There are 2 protein chains.
Amino acid sequence: MEVSPRRILVADDEPDILEIISYNLAKEGYEMYTAKNGQEAIDKAKAIKPDLIILDVMMPKKTGMEACQALRSMPQFQKTLIIFLTAMSDESSQIRGLELGADDYVSKPISTKVLVSRVNALFRRVTKDDDEKILIFGNIRIDTIKFVVFIDEIEYPLAKKEFELLYLLASKQGRVFLRNEILSQIWGREVIVGDRTIDVHIRKIRQKLGIDCITTVKGVGYKFEL
Amino acid sequence: MEVSPRRILVADDEPDILEIISYNLAKEGYEMYTAKNGQEAIDKAKAIKPDLIILDVMMPKKTGMEACQALRSMPQFQKTLIIFLTAMSDESSQIRGLELGADDYVSKPISTKVLVSRVNALFRRVTKDDDEKILIFGNIRIDTIKFVVFIDEIEYPLAKKEFELLYLLASKQGRVFLRNEILSQIWGREVIVGDRTIDVHIRKIRQKLGIDCITTVKGVGYKFEL
DNA sequence: ATTTGTATTATCAAATTGTTAACGAATTAT
DNA sequence: ATAATTCGTTAACAATTTGATAATACAAAT
């Protein structure tokens, strides 16, 4: 069911390290992005929405810890995995890192083998938790627990199929879902329903929410976008 | 009244996780102990007599579930709180866990914030066991001690099943409970009763209370909402 | 102008829930 | 112990909501 590659953002001020890490994780099939300092890491994270962020502790502009703290304060990065790269082997910095919400840390000098296996291990453990079934995009909140969509804290109840459809699209913001994908994801393998059915549900969502958050990509499918 | 700190035993085969959990719960004032596998957890539990045991499901020597079963069979651990750490999100393992007597679950990857709040909540539940199982929502009061619902200080007596149902829904305000969830929570795992039974009880609650506090989510379930 | 693809609307069938009444089981009162 | 009452469940049917389709309108591309 999971198809798109995991996105990883690495932030370090040493270009060599950036390159080594990127190269090795890309080889593992990850989609790599880089940043040269803490501030850039934050900015890029917002745009890229990575699944994992690797932060060097010592960086100009903003340290890894400051960046981590800033990121964790934003709702959309509350569940994003974060790994610290630290030259310090003393526990105090590691503990501080954990306190700020890091999921793991790797000490310098890095062994690419160690890093890769830690990254893989982290992803292997990712499964949906009850506490993370809520999608937030600015003033829009898609809440699977309450089965309701909020826009500016106002509740918009959707029917089951409508909600499922919206949740599917929003779960990968910006990604275009082919009509086939939508059908098999929501209606199952043995689909009997016709293509028009999707349109009608899309229409109802647009109508009920009153905002333009689903974009039609003619001849291809639909995507969630703001 | 002076209380000795609560003792918590954590068992996991990954030293990092052990450290993260220990650190964060120690910060909360708990007295932490660790074990590297299921067998060690059992041995240490006997010596330490912890108030809460956190067990990773997947461990060498003895799995968390095996350890739980072994502990629960000993009289001195019948009332000890047990939390499972599970990477699995599928119900089957959670259901098995419940059967074995777990008090809660936390899915991996662990958010320390979630874990800490769950632990605190569990202890809160234990202490308030006898004196404060009362839910209050504005002018509505659901009083488990008196087994009665108050609305504006007027008493509305409910039958047992009705009360249990209302309490379940209200215990997680806004959260949708699937019919299956309701059935297994209130009627137990070996459910024989039909689906209409829920409706009828819901109806009686609505009728008796005279207010609209239960919302139907068609095709999904019910939720408590004001 | 024609083709291709999507939007919109109305309509109907199916799925789901609401409601009522009835009846045995469990509980309480006599 | 027996009668009276309450409770939990089910069945039957009504009411409602939902989902799917067809028909038509519209838009863009060729």
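These numbers come from a predicted model, not from an experiment. In what follows, chains carry the letters A, B, and so on, assigned in the order in which the sequence lines appear, proteins first and then strands, with residues in each chain numbered from 1.
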> Under 4.0 Å between a Lys/Arg side-chain N and an Asp/Glu carboxylate O for A/Lys208 and A/Glu162?
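So A/Lys208 pairs with A/Glu162 through a salt bridge.
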> Please list, in numerical order, the residues of residues 207-219 of chain A that have a heavy atom closer than 4.0 Å to any atom of DNA chain C.
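Result for residues 207-219 of chain A: A/Thr216, A/Lys218, A/Gly219, sorted by number.
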> Check whether any side-chain nitrogen or oxygen of A/Arg203 sits under 4.0 Å from OP1 or OP2 of C/dA7, and answer yes or no.
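For C/dA7, OP1/OP2 do not have a side-chain N/O of A/Arg203 under 4.0 Å.
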> With side chains defined as the heavy atoms from C-beta onward, is the minimum distance between B/Ile17 and B/Asp56 less than 4.5 Å?
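No, every pair of side-chain atoms sits at 4.5 Å or beyond.
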> Between B/Lys160 (NZ) and C/dA26 (P), how many Å, whole number?
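In whole Å, C/dA26 P lies 12 Å from B/Lys160 NZ.
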> Please give, in whole Å, the distance from D/dA23 P to A/Asp195 CG?
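Atom CG in A/Asp195 sits about 17 Å away from atom P in D/dA23.
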> Hey, do the aromatic rings of A/Phe224 and A/Phe137 have their centres closer than 6.0 Å?
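That pair passes the under 6.0 Å test.
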> Please check if the distance between the ring centroids of A/Tyr156 and A/Phe150 is under 6.0 Å.
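That pair fails the under 6.0 Å test.
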> Between D/dG19 atom P and A/Leu166 atom CG, what is the distance in whole Å?
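Interatomic distance, CG of A/Leu166 to P of D/dG19: 14 Å.
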> Looking at CD of B/Gln69 and CD1 of B/Ile82, how far apart are the two atoms once the value is rounded to the nearest 0.5 Å?
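Rounded to the nearest 0.5 Å, the CD-CD1 separation comes out at 11.0 Å.
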> Is a salt bridge present between A/Lys146 and A/Glu155, judged by a nitrogen-to-oxygen distance below 4.0 Å?
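Salt bridge: no.
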> Which whole-number value in Å describes the distance from B/Ile186 CD1 to D/dC7 P?
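About 16 Å, once rounded to whole Å.
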> Search all heavy atoms of A/Val10 against all heavy atoms of A/Met32 and return the closest pair with its distance.
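Closest approach of A/Val10 to A/Met32, heavy atoms only: CG2-CE, 3.3 Å.
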> Using a cut-off of strictly less than 4.0 Å, decide whether A/Tyr222 has a side-chain nitrogen or oxygen near OP1 or OP2 of C/dG5.
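False: A/Tyr222 side-chain N/O out of range (4.0 Å or more) of C/dG5 OP1/OP2.
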> Does the side chain of B/Trp187 get closer than 4.0 angstrom to OP1 or OP2 of D/dT9 through an N or O atom?
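Indeed, a polar side-chain atom of B/Trp187 lies that close.
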> The helix from C/dA1-D/dT30 to C/dT30-D/dA1: angle between its terminal axes, five pairs each, to 10°?
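Comparing the axis at each end, I get an angle of 30°.
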> In whole Å, what is the span from the CZ atom of B/Arg196 to the C1' atom of C/dA15?
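It is 11 Å, rounded to the nearest whole Å.
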> In whole angstrom, give the distance that lies between atom CG of B/Asp199 and atom P of D/dA14.
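It works out to 17 Å between those atoms.
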> Taking the side chain of B/Val200 as heavy atoms from C-beta outward, which of D/dG19, D/dG8, C/dT20 is closest to it?
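Between D/dG19, D/dG8, C/dT20, the one nearest the side chain of B/Val200 would be C/dT20.
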> From C-beta outward on B/His201, which listed nucleotide comes closest to its side chain: C/dT19, D/dG8, C/dT6?
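Of all the options, the side chain of B/His201 is nearest to D/dG8.
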> Taking the side chain as C-beta and beyond, is there a heavy-atom pair between B/Phe84 and B/Cys68 under 4.5 Å?
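They are in contact (side-chain heavy atoms under 4.5 Å apart), so the answer is yes.
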> Which nucleotide, D/dG8, C/dT9, D/dG19, lies nearest any side-chain atom of B/Lys161?
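Looking only at heavy atoms from C-beta outward on B/Lys161, the closest nucleotide is D/dG8.
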> Any chance the side chains of B/Asn139 and B/Asp152 put a donor and an acceptor closer than 3.5 Å?
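A pair is found: one side chain offers a donor N or O, the other an acceptor, under 3.5 Å apart.
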> Could you give the NZ-to-P distance, from A/Lys204 to C/dT11, as a whole number of Å?
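One finds 14 Å between P of C/dT11 and NZ of A/Lys204, rounded.
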> Please determine, by modelled atom types, if B/Asn24 and B/Glu28 share a side-chain donor-acceptor pair under 3.5 angstrom.
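No pair is found: no donor N or O on one side chain lies under 3.5 Å from an acceptor on the other.
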> Tell me: CD1 of B/Ile202 to C1' of C/dG18, nearest whole Å?
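Computing the B/Ile202:CD1 to C/dG18:C1' distance gives 11 Å.
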> Taking only side-chain N and O atoms of A/Arg206, does any of them lie within less than 4.0 angstrom of OP1 or OP2 on C/dT8?
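No, A/Arg206 has no side-chain N/O under 4.0 Å of OP1/OP2 on C/dT8.
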> If you find the nucleotide of DNA chain D closest to B/Ile198 and the one closest to A/Glu162, which residue's nucleotide is nearer the 5' end?
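Nearest nucleotide further toward 5': that of B/Ile198.
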> OP1 or OP2 of D/dT10 sitting under 4.0 Å from any side-chain N/O of B/Thr197?
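Affirmative; the distance criterion is met.
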